[in-house]
Trainee: 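My structure is below; once you've seen it, I'll send some questions.
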Amino acid sequence: MAQIDFRTKINWHRRFRSPQGDKSEHEILRIFESDRGRIINSPAIRRLQQKTQVFPLERNAAVRTRLTHSMEVQQVGRYIAKEILSRLKEQRLLETYGLDELTGPFESIVEMACLMHDIGNPPFGHFGEAAINDWFKQRLFPSDAISQPLSDDRCVVRDLRLREGEEALNELRRKVRQDLCHFEGNAQGIRLVHTLMRMNLTWAQVGCILKYTRPAWWMGESPVSHSYLMKKPGYYLSEEVYIERLRKELLLTPNGRFPLTWIMEAADDISYCVADLEDAVEKRIFSVEELYQHLYEAWGKHEKGSLFAQVVENAWEKSRSNSLSRSTEDQFFMYLRVNTLNKLVPYAASRFIDNLPLIFSGEFNHALLEDDSDFSQLLELYKNVAMRHVFSHPDVEQLELQGYRVISGLLEIYRPLLQLSVEEFSELVEKERVRRLPIESRLYHKLSTRHRLAYVEAISKIDRHSVQWPVLEYYYRCRLIQDYISGMTDLYAWDEYRKLMAVE
């Protein structure tokens, strides 16, 4: 096992215009303060205020958005990081692990990763992801991917028929189809930070949001040794070269994870479980009394002094007996949140420290709060009650189906851009308006300038005389459409769909 030295992981260099030479503790902290500024002031963070947490198109400001959720995760992440550092200081291990002058950056990296952890999520959350993936799976032929990209009489790239024996091109086409049909919010977050927003963050800050280490084009089973770390796509083919450099800079193994990512993940797990239940009460899906009963019944075994008694029953009793002017609902969730944090944060910190050799090497194949302990069972309790009584509620399911239809409909509206030949689309990109392509010209103008520039930059790096050119051009064109639609807020996507479908 490699020696634990966080100075090799908290890499403060950047890909572009990186400060040179050795830096003092104060100078390194200033570099990470610059990261904080870039992140907090980015449009991707601002858009989270109009993206779904649980309830799509919610106009009640008391119900969480992705932004308010991310701010809560940020606070919990900071709490866990401080708890870890405090324990290491008590054990006189800060200097041993190279953290004595890096406690500030350690906290800052975790906090900002928590704030950013959802920036790649499309409108309508997981239903938005499903809509994008289903749409592309239905329209990219599985057996002849990208040579006939869309199942339509106006199929594009007609000149891409493979000659027998071109295995490399065949493999590329397979990878491209697999990649496009596995849109994932975490992978899109990496693409946003590096390719679309060009935030030029430090290597350590980006490493902390690489939650899953499986490429989106991966097919087949993940290695058993990394089954958890690779359970979802973590990055796209378009960012493959960047991720290779990231791994080199952070000394990560091919399927390994950055150590501080486990803290960000635990903060998210702790935050959303209680929050989803609180939002459900705010939405009157069930009363706080009904929620307590659901939790009580789902826990099953009730023993004096159990974790359930210390957390849930304690919150219930305090909220009923307290004579303050706050409502029972507010008090119950205040106590439930505090009790949950006071139990789970120290446990997450203990798990991090106890498994530090594997975590530092990036090979710990579990979440911090995923084991057979009562603490893990408490989180599962919250998740299971939410799944059974919140996410399956008819109102929620109807909104999710509407969101699925909106995203699918928007992709269908922009489909003409994907039906153009390579030559036609190249002409449209160059001239921006082509008289014989009136619909396509207008659709192209609606695309974000930032996304169009990312497309132009990507294809400028491809040899137009190579046999791979049409495949890769089409890949980046599909990415262009995915980038634009996934970057919309819930309300913008809803309004845009209604306007373009002429239903207003």
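Every value quoted in this text rests on a predicted model; they were computed, and no experiment measured them.
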Trainee: Around atom NZ of K383, are there more than 12 heavy atoms from other residues, nucleotides or ligands closer than 6.0 Å?
Mentor: yes

Trainee: Do the two ring centres, one from H302 and one from Y296, sit under 6.0 Å apart?
Mentor: yes

Trainee: Will you find, in the side chains of N186 and E184, an N or O donor that is under 3.5 Å from an N or O acceptor?
Mentor: yes

Trainee: Go through it in stages, so that I can follow the logic: the residues are E244 and K248, the test is salt bridge (charged side-chain N to carboxylate O under 4.0 Å, His left out), and I'd like the CA-CA distance, side-chain angles, deciding distance and then a yes or no.
Mentor: CA-CA 6 Å; E244 285 178 1; K248 181 180 178 182; over 6 Å; no

Trainee: Ignoring hydrogens and angles, state whether a donor on the side chain of H226 or E363 is under 3.5 Å from an acceptor on the partner side chain.
Mentor: yes

Trainee: Are the side chain of Q74 and the backbone N or O of L115 linked by a donor-acceptor pair below 3.5 Å?
Mentor: no

Trainee: Check the pair S238 / Y475 against side-chain contact (heavy atoms from CB on, under 4.5 Å), numbers first and verdict last.
Mentor: CA-CA 9 Å; S238 50; Y475 170 71; 3.6 Å; yes

Trainee: Less than 4.0 angstrom from a charged side-chain N to a carboxylate O is my criterion; do E278 and R337 meet it?
Mentor: yes

Trainee: Donor-acceptor pair, Q482 side chain versus I132 backbone, under 3.5 Å?
Mentor: no

Trainee: For M71, is the CE atom crowded, meaning more than 12 foreign heavy atoms sit under 6.0 Å from it?
Mentor: no

Trainee: Mind telling me whether Y347 and F375 have parallel, tilted or perpendicular rings, with 30° and 60° as the class edges?
Mentor: parallel

Trainee: Are K318 and Q331 close enough that a side-chain donor and a side-chain acceptor fall under 3.5 Å?
Mentor: no

Trainee: So W217 and Y235, would you call those rings parallel, tilted or perpendicular, with 30° and 60° as cut-offs?
Mentor: perpendicular

Trainee: With no hydrogens and no angle check, do the side chains of E239 and T195 hold a donor and an acceptor under 3.5 Å apart?
Mentor: yes

Trainee: For the residue pair K9 and F360, would you count it as a cation-pi contact if the rule is NZ or CZ under 6.0 angstrom from the ring centre and within 45 degrees of the ring axis?
Mentor: yes

Trainee: Y242 vs H194 aromatic rings, parallel, tilted or perpendicular, using cut-offs 30° and 60°?
Mentor: parallel

Trainee: Mark yes or no for whether Q188, through its side chain, and N121, through its backbone, hold a donor-acceptor pair below 3.5 Å.
Mentor: no

Trainee: Determine, for E329 against R284, whether the closest basic-nitrogen to carboxylate-oxygen distance falls under 4.0 angstrom.
Mentor: yes

Trainee: Side chains of Q293 and E289 only: does a donor on one sit below 3.5 Å from an acceptor on the other?
Mentor: no

Trainee: Taking atom types as modelled and ignoring hydrogens, do the side chains of S306 and D374 form a donor-acceptor contact shorter than 3.5 angstrom?
Mentor: no

Trainee: Please evaluate residues D179 and R479 with respect to the criterion salt bridge (charged side-chain N to carboxylate O under 4.0 Å, His left out), reporting the C-alpha separation (whole Å), side-chain torsions for both, the decisive distance (0.1 Å), and the verdict.
Mentor: CA-CA 10 Å; D179 198 81; R479 276 264 159 261; 2.7 Å; yes

Trainee: Would you say N11's side chain and E249's backbone share a donor-acceptor pair under 3.5 angstrom?
Mentor: yes

Trainee: Under 3.5 Å, side-chain donor or acceptor atoms of residues 85-101 against the rest of the protein: list the pairs with distances, not counting sequence neighbours.
Mentor:
{"unit_1": "R87", "atom_1": "NE", "unit_2": "E83", "atom_2": "OE2", "d": "3.0"}
{"unit_1": "R87", "atom_1": "NH1", "unit_2": "S350", "atom_2": "OG", "d": "2.5"}
{"unit_1": "R87", "atom_1": "NH2", "unit_2": "E83", "atom_2": "OE2", "d": "3.2"}

Trainee: Is the NZ or CZ atom of K301 both under 6.0 Å from the centre of the six-membered ring of W299 and within 45° of that ring's axis?
Mentor: yes

Trainee: With R257 as the cation and W262 as the aromatic partner, state whether NZ or CZ is under 6.0 Å from the six-membered ring centre and within 45° of the axis.
Mentor: yes

Trainee: Is a side-chain donor-acceptor pair under 3.5 Å present for E72 with H69?
Mentor: no

Trainee: State whether R351 and D371 are salt-bridged, where the test is any N-O pair (Lys NZ or Arg NE/NH1/NH2 against Asp/Glu carboxylate O) under 4.0 Å.
Mentor: yes

Trainee: Between D35 and R14, is the salt bridge (charged side-chain N to carboxylate O under 4.0 Å, His left out) condition met? List the steps.
Mentor: CA-CA 10 Å; D35 273 359; R14 309 179 189 279; 2.6 Å; yes

Trainee: Describe, in one word, how the ring planes of H389 and H294 are oriented to each other, choosing from parallel (under 30°), tilted (30 to 60°) and perpendicular (over 60°).
Mentor: parallel

Trainee: Between the side chain of S271 and the main-chain N/O of D268, is any donor-acceptor distance below 3.5 Å?
Mentor: no

Trainee: Going through the distances and angles, do E27 and R30 end up as a salt bridge (charged side-chain N to carboxylate O under 4.0 Å, His left out)?
Mentor: CA-CA 5 Å; E27 289 171 321; R30 285 183 62 187; over 6 Å; no

